[in-house]
Protein chains: 2
Amino acid sequence: MPEIQGAIRVLRAKGYKVTQPRKQVLKVLTQAQKPVSPYDVQKILQQRGEHLDHVTIYRILDLLCLLNLAHKVLLSGGFVKCALGDEEGCHRFMVCRQCGAFQEFADKSLCEEENELAWHLGFRTEQHFSEFFGLCAKCQG
Amino acid sequence: MPEIQGAIRVLRAKGYKVTQPRKQVLKVLTQAQKPVSPYDVQKILQQRGEHLDHVTIYRILDLLCLLNLAHKVLLSGGFVKCALGDEEGCHRFMVCRQCGAFQEFADKSLCEEENELAWHLGFRTEQHFSEFFGLCAKCQG
DNA sequence: CTACATAATGCAATATTGTTGCATTTACAA
DNA sequence: TTGTAAATGCAACAATATTGCATTATGTAG
């Protein structure tokens, strides 16, 4: 598990403890062929006879994301917020990680570029969703 | 409420009934300055002394999405799936709406283009997430 | 090696999100 | 005005997510 060793080094280097639950979650993520939800992690562990509280799993995943040892994927079926209107199936949002402000913007050429890229990979795109996380103008102190 | 009238026309044209609950939800979406979750819709209505079952709200929002009168937005805080690894803060997925297959792909120039666009709008991007929904090669029969 | 301080976990409780089946009501057309 | 098909409400439940606090375990200092 070389990947896990690397993650463990990062944990230690940043002053976080290397606990059994953290190692268990890292192992699940490393072995998983797909992105997994916190709930998936719990079920996979249960199948091995191991048990972790789901709260613990959430906290570990949050930490791993914070340390860039994991990342969040927003697949379909996710949190749903609806707004009225249709902008040609291309929805691009900027979300400020500081103040939570968000702003939608459209860029037609970018959409076409994306479509073309996917097309070359054999994929026919019907809807785009993009989110940029970062700092808005106000929060770039 | 010109927007609502338009939506109502679409409903009628497609043979869907124009019911009180549907008009209530459309009104909430139209007045909302932000994307709202189904739960948000319910709370907003409650504040006005109106009440709709949450199941009804889910069904209406699904219908509006189906008719392209609304769309789903995947903001941060959504359904979380984590995988180990860090690919420079740019995660682009193609998800097949038919078979659910997904595939991650990277494109550096696209990322830079996106960063630049956001930059011109005063936004400093740290992480990208993109999802393309459509049909994979296998499902384009 | 032991014991301490504190970080991390487990647990309890609760809130939010989402789905299904069926009884009842409502919209709209005849 | 009335019939009927569509839509809603209700009940039940499953899954997802967050908070506060008691308990446990890690890493360190002795």
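Everything numeric here is computed off the predicted structure, so don't read it as measured data. Every chain is numbered from 1, with letters handed out A, B, ... down the list of sequences. The analysis underlying the following values was restricted to heavy atoms, covering all of them including side chains, and did not include hydrogens, waters or symmetry mates.
Nucleotide dG10(C) holds its C1' atom 12 Å from the CD1 atom of Ile60(A), rounded to whole Å. Rounding to whole angstrom units, CG of residue Asp40(B) and P of dT16(C) are separated by 10 Å. Taking atom CG of Asp53(B) as the reference point, atom P of dT17(C) lies 15 Å away to the nearest angstrom. Summarising the geometry, the separation between OH on Tyr39(A) and P on dG18(C) is reported as 16 Å, rounded to the nearest angstrom. Taking atom NZ on Lys23(B) and atom C1' on dA27(C), their separation rounds to 10 Å, with Å as the unit. Here dT16(C) presents its C1' atom at 15 Å from CD1 of Ile44(B), a figure rounded to the nearest Å. For Ile57(A) and dA17(D), the CD1 to P distance is 12 Å, given to the nearest whole Å. Summarising the geometry, the separation between CD on Gln42(A) and P on dA14(D) is reported as 15 Å, rounded to the nearest angstrom.
For Arg59(A) against dG10(C), a side-chain N or O and a base N or O form a donor-acceptor pair under 3.5 Å.
The closest side-chain heavy-atom distance from Val41(A) to Tyr58(A) is not below 4.5 Å. The closest side-chain heavy-atom distance from Thr125(A) to Met94(B) is not below 4.5 Å. Taking the side chain as every heavy atom from C-beta outward, Tyr39(A) and Ile57(A) never approach each other to under 4.5 Å. You'll find the side chain of Val18(B) reaches within 4.5 Å of the side chain of Arg12(B), heavy atoms only. Lys17(B) is not listed as a side-chain neighbour of Leu11(B), based on a closest heavy-atom distance of 4.5 Å or more. With a 4.5 Å cut-off on side-chain heavy atoms, Phe132(B) and Leu121(A) do not count as touching.
Residue order along DNA chain C, read from the 5' end via each residue's closest nucleotide, puts Lys43(B) first among Lys43(B) and Pro21(B). Along DNA chain D, the nucleotide nearest to Arg22(B) and the one nearest to His54(B) differ in position, and the one closer to the 5' end is contacted by Arg22(B).
Taking a 4.0 Å limit (strictly below) on heavy-atom distances, residues 11-19 of chain B reaches DNA chain D at Tyr16(B), Lys17(B), Thr19(B).
Under the 3.5 Å distance criterion, the side-chain polar atoms of Gln140(A) are matched with a main-chain donor or acceptor of Gly122(B).
Taking the side chain of Tyr58(A) as heavy atoms from C-beta on, and the options dT8(D), dT16(D), dT19(C), the nearest nucleotide is dT16(D).
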